[in-house]
*Asks:* 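I'd like to ask some things about the structure below.
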Amino acid sequence: MHVSVQTEDFDIAIEIGKLTHNRKDIGAIATFTGLVRDIHGDKKIRKLTLEHFPEMATKELEKIARLANDRWPLQGISIIHRYGELLPGDNIVLVVTTSQHREAAFEAAQFVMDWLKTDAPFWKKEETPEGVHWVAAKTEDDDKKDRW
Amino acid sequence: MHVSVQTEDFDIAIEIGKLTHNRKDIGAIATFTGLVRDIHGDKKIRKLTLEHFPEMATKELEKIARLANDRWPLQGISIIHRYGELLPGDNIVLVVTTSQHREAAFEAAQFVMDWLKTDAPFWKKEETPEGVHWVAAKTEDDDKKDRW
Amino acid sequence: MNLLYFAMIRESIGKSSETIDLPDHVKSVSGLLTYLESKGDNYISAFAQDDLIRVAVNQEYVGLNHAVTNADEIAIFPPMTGG
Amino acid sequence: MNLLYFAMIRESIGKSSETIDLPDHVKSVSGLLTYLESKGDNYISAFAQDDLIRVAVNQEYVGLNHAVTNADEIAIFPPMTGG
């Protein structure tokens with residue numbers, strides 16, 4: 001189990017390698033990468049700033065990783081969440097799950113993403129040509145979390 | 001849309017890069033990697049040989065990629081399937097999907113994997129300490145495909 | 001008591017943290033919010049929309065009825081938009 | 001007619017491909033399988049389990065009633081185990 005809250009970018013191949021190194025018992029690796037898009041709704045995005053609550057963010061990522069690990073037969077799980085100033089095309093978040101079987105890997109990765117959206121103390125602020133504003137939370141994200 | 005049937009290994013970072021290069025409109029990348037495990041059921045696996053029907057394999061991968069593309073709002077999709085002799089720890093298959101939103105990327109990748117299991121003309125032969133045998137198809141794989 | 005504010009709440013209140021002495025009669029999160037609103041209009045406008053307020057006591061999410069003491073670290077912030 | 005065999009079917013029959021002249025009375029996939037079984041025990045044992053036979057005509061999956069002609073490429077194989 002590996003979680004990190006960081007400003008630096010991540011390298012998906014390196015993160016997968018940390019979970020697979022010297023192992024021959026892994027059958028399935030699922031990954032999810034979330035990125036900054038240049039358009040959100042009808043607004044053009046110039047920059048995305050992620051504010052966070054540092055100590056709690058790490059704790060929450062650990063909690064979510066542990067919940068996923070308790071629920072699916074995972075062999076490994078990594079969650080990396082960036083903060084600070086990001087540009088369109090930049091990575092925001094990475095989830096990697098490994099398991100013997102594909103369902104566990106897929107479902108656990110989806111579960112982690114749904115929980116991150118509602119439980120990880122990060123807040124997005126968008127810079128558009130019209131000005132700067134905080135991104136509103138979506139109630140559909142609560143619904144997605146609640147399905148688990 | 002990119003599909004490949006090949007003996008060579010693949011590099012997940014390179015394959016993701018092909019779909020994301022020069023784009024800033026991608027919000028979500030889901031990937032799935034299937035690997036050879038050193039244990040299958042109660043048998044120790046020394047080697048896995050993948051036989052395939054070359055022309056049809058490429059066609060079927062293209063068909064599955066197209067089905068996924070028709071069904072979810074994807075920005076890109078890659079499917080790579082290896083054949084030949086593989087060892088425990090080796091990669092077998094890679095699926096990469098990109099989309100504005102995470103559900104489309106996740107679901108399309110799962111859909112592709114479920115369809116590959118039943119519709120891609122590949123056959124696995126396992127070498128164990130007790131001998132060599134063909135892997136039996138699982139009826140549960142038909143069920144998984146049928147849920148879509 | 002250490003108070004931490006994040007995102008829109010931080011901007012409305014005009015600071016990211018402060019230390020206050022919790023009055024004896026304040027026993028819960030909702031009591032704390034009411035008390036803070038007595039300190040100025042910036043707090044009133046920061047807490048104007050109930051459904052856009054989340055609270056963590058010692059880095060654990062809690063409800064409005066959760067108990068608070070002067071030794072707690074209280075974080076107040078809008079709904080999260082991570083991931 | 002070009003015939004292709006894969007995996008366990010290939011091993012049971014003892015070859016990966018062959019070209020045959022399709023008799024005029026053979027019109028369907030099931031007719032073809034019956035005709036091939038008349039050619040030897042290796043075909044009979046290869047096709048022994050109905051539910052483990054899959055057929056593609058010109059690289060498209062088909063059912064047992066699908067029509068076949070001498071110009072077709074027919075592939076016969078067990079259920080796929082890719083992915």
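In what follows, every chain begins at residue 1, and chains take the letters A, B, ... in the order their sequences are listed. The shown structure was predicted, so the numbers you read here are calculated from the model rather than taken from an experiment.
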*Asks:* Whether the side chain of B/H81 engages the backbone of D/G82 through a donor-acceptor N/O pair (distance < 3.5 Å, no angle test) should be reported.
*Replies:*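 No, because the side chain of B/H81 does not come within donor-acceptor range (under 3.5 Å) of the backbone of D/G82.
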*Asks:* For D/F6 and B/W123, take the angle between the two ring planes, folded into 0 to 90°, and tell me which bin it lands in: parallel under 30, tilted 30 to 60, perpendicular over 60.
*Replies:*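 Answer is parallel, since the angle falls under 30°.
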*Asks:* Kindly give the heavy-atom pair with the smallest separation between D/Y5 and B/E51, and that separation in Å.
*Replies:*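 Shortest heavy-atom contact: O-OE2, 4.4 Å.
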*Asks:* Return yes when atom CG of D/D51 has more than 12 non-hydrogen atoms of other residues, nucleotides or ligands closer than 6.0 Å, and no otherwise.
*Replies:*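 Buried by this count: over 12 neighbours within 6.0 Å.
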*Asks:* For the interface with chain D, which of B/E60, B/H52, B/K138 has the highest count of heavy-atom pairs at distances below 4.5 Å?
*Replies:*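 The residue among B/E60, B/H52, B/K138 with the greatest pair count is B/E60.
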*Asks:* Heavy-atom count check: over 12 atoms from other residues, nucleotides or ligands less than 6.0 Å from B/D146 CG?
*Replies:*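 Yes - once you tally the heavy atoms of other residues, nucleotides and ligands closer than 6.0 Å, there are more than 12.
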*Asks:* Which one, B/V112, B/I92, B/V93, B/D119, leads in non-hydrogen pairs under 4.5 Å with chain D?
*Replies:*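 Result: the option with the highest number of such pairs is B/D119.
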*Asks:* Hey, are B/K125 and D/E11 close enough for a salt bridge, meaning a charged N less than 4.0 Å from a carboxylate O?
*Replies:*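 So B/K125 pairs with D/E11 through a salt bridge.
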*Asks:* Which atom pair, heavy atoms only, marks the closest approach of D/A75 to B/F53?
*Replies:*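 Residues D/A75 and B/F53, closest heavy atoms: CB-CE1, 3.3 Å.
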*Asks:* Between B/F122 and D/T81, is a side-chain contact (heavy atoms from CB on, under 4.5 Å) present by the stated rule, with each step listed?
*Replies:* CA-CA 6 Å; B/F122 291 84; D/T81 54; 6.0 Å; no
*Asks:* Where does D/A56 contact chain B at under 4.5 Å (heavy atoms): side chain, backbone, both or neither?
*Replies:*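 For D/A56, side-chain heavy atoms alone lie under 4.5 Å from chain B.
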*Asks:* Rounded at 0.5 Å granularity, tell me how far CD in D/E73 sits from CE in B/M56.
*Replies:*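 It is 9.5 Å, given to the nearest 0.5 Å.
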*Asks:* Can you say whether B/K117 sits under 4.5 Å from chain D via the side chain, the backbone, both, or neither, judging by heavy atoms?
*Replies:*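 Both the backbone and the side chain of B/K117 come within 4.5 Å of chain D.
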*Asks:* Is there a donor-acceptor pair under 3.5 Å between the side chain of B/K59 and the backbone N or O of D/E60?
*Replies:*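 Not confirmed, B/K59 side chain does not pair with D/E60 backbone.
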*Asks:* Please classify the contact of D/L52 with chain B as side chain, backbone, both or neither, using a heavy-atom distance under 4.5 Å.
*Replies:*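 No part of D/L52 comes within 4.5 Å of chain B.
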*Asks:* Is it the case that more than 12 heavy atoms not belonging to D/D24 sit under 6.0 Å from its CG atom?
*Replies:*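 Not more than 12 within 6.0 Å, no.
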*Asks:* Is it the backbone or the side chain of B/A136 that comes under 4.5 Å from a heavy atom of chain D, or both, or neither?
*Replies:*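 Looking at B/A136, just its backbone touches chain D.
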